[in-house]
Amino acid sequence: MIIDACLLIINLYFMSQQNLKLDTMRHSASHVMAAAVKALFKDVKFAIGPTIDEGFYYDFDLGKQTLSAEDLSKIEAKMQEIIKADLPIKREEVSVKDALKRVKGQIYKEELIKDLEKEGKKKVSFYSIGDIFDDLCLGPHVKSTKEIGPFKLLRVSGAYWRGDEKNKMLQRIYGTAFATQKELDEYLKMLVEAEKRDHRKIGKEMKLFTFNDLVGPGLPLWLPNGTVLIEELEKLAKEHELAGGYLRVKTPHLAKEEMYKISGHLPYYVDTMFPPMVMEEDNGQKVTYYLKAMNCPHHHMIFAAEQRSYRDLPVRLAEYGTCYRYEKSGELFGLMRVRSMQMNDAHIYCTEDQFASEFLAVIDLYLKYFKIFGIDKYVMRLSTHSKEGLGKKYIDNEKLWLKTEDMVRNILKKGKIPFVEVADEAAFYGPKIDVQVWSAIGREFTLATNQVDFAVPERFGLVYKDNEGKDQTPICIHRAPLSTHERLIGFLIEHYAGAFPTWLAPVQVKILPVSDKFLEYALEVKNKMFSQGIRVDLDDSAESLGKKIRTGEQEKVPYLLIIGEKEVTAKQVAVRQRVKGDLGSQDVDGFIKQIKDEILNRK
Ligand SMILES: [Zn+2]
Ligand SMILES: [Zn+2]
């Protein structure tokens, strides 16, 4: 375990070096793509072309024209030409005035340059590819087009300029590039697999969730099968949280504006919150409410509801709290980007002395969950402050930052937890840890965040009495190991390809009588299992056994129990397991005992 963790840290170090190289090359590929589009289409206007986690994109305004798959092949061919020509990529700095002249008519670039000017920039940089293309860009880039590795254009989609639906819809071409053909091939293979496992597709097939226009975009409706998943996950969380000394609370879905001003969410996060509701109270006074985007302030108020002594600490308050965030409609994506989410939230209020053990306990909880879900590749990303950001992006208390970051770092090292450190990405009130996991097919997801908060308790005046009777401010740990139901279930659908382990599966057992003659016994078996808390279904259709088995397999039910003449006589069932296939005939009671054990132990 020790060796593994160290190796992973070393690998991650090389990975981050490589990532920078890969990122630079992909960014150059996006410029080459823009150069190819320029060569092939008249009157194109260029927006932005950054890299993303798994490749790059560029947004184009092509007037009324929409790009087809055929166009993508043409663009790819042109890109090959440019790469082969080995054109130099050069940087040049120009004044804002010259820059505006240079991009004349390119309305998006003009807007970007004017914004840079507003930010106080006097000079901006351009990157040119030979003499065929020239773009406003911070860089860095590779030195020549020949350094661009094997690439592939993946798809076209619509994207609003600046992600705002009030703006024009542009066309975004996504692509990716790798250092070697082998890596590209592996990636493309993974994409094919990911498409088969697409959580939106499987969610529909398995009747897990749906969306409805009357309810609104980004607001998932959980169907009975999906609700089984939710309830099993909550059961898992509640068991572990109870054992970990958490107390459960319940809080309303909205609160007054004033509270979010104290917490600091307003005005900073106003764009990600639903618009305010202004109410007139009985006394004629106007009061503004907001739907909650976070559960923290409500929990802080519960901490403040009683006088606390050092003897009461740590106080761990847990809630599956529903939060609402106003994601732009262009950014909504299945369950992964939604506007309402149920969060596996908790806030731990502790003394400085208790911080290390509390934080480690949270990390331990993550590891327990990873084991249950068979997640064997994960990394914790520790985001720290930056000196320059103090007083602006971050609470102005350098000593406290350094001390807390050191505590977190030491805990991770001591616990042999693989982690990478990223400067200048902390939350405004303390360092944070993003937990990244890889699904069974090797796709990366950011599941959840832990945050250390040494500022907000003070803003709310939260205190406890120390052993001398003096008021002290507690440290608060925000944590959500099981993420939100939406994000976690989106991940689990891909991870398991919908074939959930028995404890999670919406239907755990399906009984398939060979014909109507055996229906009575089948019903008897069903009732027996049902009374034992097993989620069991009976296929009493007139279909052939072969068809019934195929349907059960498509539904990814862990166990199919076949009942024919032989089984009725022997009072048995013929067991067919999802992975292992035929397991032969078993006594009903024996089967029930075994499956209950499997469910209880979440095997
Ligand atoms: Zn660029
Ligand atoms: Zn919180």
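It should be emphasised that the depicted structure is a prediction, and the values quoted were computed from it without experimental measurement.
Residues K328 and E165 are not paired through a salt bridge, judged by the lack of any N-O separation under 4.0 Å between the basic side chain and the carboxylate. Here R381 pairs with E425 in a salt bridge; the nearest charged N to carboxylate O distance falls below 4.0 Å. Contact check on E232 versus R535 returns a salt bridge, with a Lys/Arg side-chain nitrogen under 4.0 Å from an Asp/Glu carboxylate oxygen. A salt bridge does not link R316 to E241: none of the charged nitrogens lies less than 4.0 Å from a carboxylate oxygen. A salt bridge is defined here as a Lys NZ or Arg NE, NH1 or NH2 lying under 4.0 Å from an Asp or Glu carboxylate O, and E327 with R337 meets this definition. Using a cut-off of 4.0 Å between Lys/Arg side-chain N and Asp/Glu carboxylate O, D537 and K526 are scored as not salt-bridged.
Closest non-hydrogen pair, Y521 versus K571, comes out as OH-C, 3.0 Å. Summarising the geometry of L560 relative to I549, their closest heavy-atom pair is CD1-O, 3.8 Å, with the distance given to 0.1 Å. Residues I202 and G498 come closest through the heavy atom pair CG2-CA, 3.9 Å. Closest heavy-atom contact between A293 and Y260: N-OH, 4.5 Å. The two residues L332 and G218 have their closest heavy-atom pair at CD1-N, 3.8 Å. Annotation for W438 and I375: closest pair O-CG2, 4.3 Å, computed over non-hydrogen atoms.
Between the side chain of N601 and the backbone N or O of D597 there is at least one donor-acceptor pair closer than 3.5 Å. Side chain of N225 to main chain of M206: a donor-acceptor pair is present (N/O by atom type, distance under 3.5 Å, no hydrogens or angles). Remark: side-chain polar atoms of R308 are paired, donor with acceptor, to backbone N or O of F303 under 3.5 angstrom. Using modelled atom types, no side-chain atom of N527 and backbone atom of E524 make a donor-acceptor pair closer than 3.5 Å. The closest donor-acceptor contact from the side chain of R479 to the backbone of V362 lies at 3.5 Å or more, if one exists at all. The main-chain N or O of G564 is found under 3.5 Å from a side-chain atom of E567 such that the two form a donor-acceptor pair.
In this structure, a donor-acceptor pair under 3.5 Å is present between the side chains of E444 and Q436. Side-chain atoms of Y559 and E598 include a donor-acceptor pair closer than 3.5 Å. In this structure, a donor-acceptor pair under 3.5 Å is absent between the side chains of D353 and T351. At a cut-off of 3.5 Å, with distance as the only test, no side-chain donor of Q342 or T322 sits close to an acceptor on the other residue. Remark: the E54 side chain and the T176 side chain contain no N/O donor-acceptor pair separated by less than 3.5 Å.
The environment of OH in Y269 is sparse: at most 12 heavy-atom neighbours from other residues, nucleotides or ligands sit within 6.0 Å. The number of heavy atoms from other shown groups lying within 6.0 Å of NZ (K201) is above 12. No more than 12 heavy atoms of other residues, nucleotides or ligands lie within 6.0 Å of NZ in K152, so this atom counts as exposed by the packing criterion. Applying the 6.0 Å contact sphere to CZ of F333 captures more than 12 heavy atoms from other residues, nucleotides or ligands. Within 6.0 Å of the NZ atom in K414, the count of heavy atoms belonging to other residues, nucleotides or ligands does not exceed 12.
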Stepwise ring pair (Phe, Tyr, Trp, His ring centres under 6.0 Å) check, Y290 with H265: CA-CA 11 Å; Y290 278 90; H265 292 120; over 10 Å; no
Passes salt bridge (charged side-chain N to carboxylate O under 4.0 Å, His left out), D589 versus K528? Steps please. CA-CA 9 Å; D589 289 333; K528 197 163 185 182; 3.0 Å; yes
Between K196 and E193, does the salt bridge (charged side-chain N to carboxylate O under 4.0 Å, His left out) criterion hold? Intermediate values first, please. CA-CA 5 Å; K196 279 192 228 153; E193 190 54 37; 3.4 Å; yes
Please test T446 against D434 for side-chain hydrogen bond (donor to acceptor under 3.5 Å, both in side chains), starting from the C-alpha separation and ending with a verdict. CA-CA 7 Å; T446 300; D434 290 312; over 6 Å; no
CA sep, side-chain torsions, deciding dist, call: E186, K182, salt bridge (charged side-chain N to carboxylate O under 4.0 Å, His left out): CA-CA 6 Å; E186 271 166 16; K182 187 172 167 263; 3.5 Å; yes
Decide yes or no on salt bridge (charged side-chain N to carboxylate O under 4.0 Å, His left out) for E319 and K250, but give the supporting numbers first. CA-CA 6 Å; E319 176 181 23; K250 284 273 179 203; 5.6 Å; no
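Checked against the 6.0 Å centroid criterion, the rings of F491 and H199 do not qualify as a close aromatic pair. Proximity of the aromatic rings of F178 and Y187 is defined here by a centroid distance below 6.0 angstrom, and this criterion is met. Not less than 6.0 angstrom separates the ring centroid of Y464 from the ring centroid of Y310. Annotation: H495 is not in aromatic contact with F500 [ring centroid separation under 6.0 Å not met].
Across K548, R576, K510, a single residue satisfies side chain to side chain donor-acceptor pair (under 3.5 Å) together with E553, and that is R576. Between E494 and the options R200, R197, R443, a salt bridge (charged side-chain N to carboxylate O under 4.0 Å, His left out) holds for only R443. Looking at I595, V525, I592 one by one, the single match for side chain to side chain contact (heavy atoms under 4.5 Å, CB included) with V509 turns out to be I595. Residue F460 forms a ring-ring contact (aromatic ring centres under 6.0 Å, His included) with just one option from H298, H347, H300, and that option is H300.
Between V514 and I562 there is a side-chain heavy-atom pair separated by less than 4.5 Å. A heavy-atom distance below 4.5 Å is found between the side chains of D453 and H478. For the pair Q508/I599, a side-chain contact is recorded, criterion being any heavy-atom separation below 4.5 Å from C-beta on. For the pair P474/C350, no side-chain contact is recorded, criterion being any heavy-atom separation below 4.5 Å from C-beta on. Residues L512 and L545 have side chains in contact (heavy-atom distance under 4.5 Å, counting atoms from C-beta outward). Between M407 and F359, the closest side-chain pair of non-hydrogen atoms is not below 4.5 Å. Put simply, the side chain of L561 reaches to within 4.5 Å of the side chain of V575, judged on heavy atoms. The shortest distance between side-chain heavy atoms of F419 and V408 does not fall below 4.5 Å.
Considering only residues two or more places apart in sequence or on other chains, K566 meets the side-chain contact (heavy atoms from CB on, under 4.5 Å) condition with S585.
Relative to the six-membered ring of Y326, R339 meets both conditions, a distance below 6.0 Å and an angle of at most 45° to the axis.
For the atom pair L221 CG and F211 CZ, the distance stands at 8.0 Å (nearest 0.5 Å). In this structure, OH in Y349 is found 4.5 Å from SG in C476, a value given to the nearest 0.5 Å. Atom CG of residue L317 and atom CD1 of residue I348 lie 9.5 Å apart, to the nearest 0.5 angstrom.
Within the structure, side chain to side chain donor-acceptor pair (under 3.5 Å) contacts touching residues 360-369 (residues at least two apart or in different chains) are Y366-N450.
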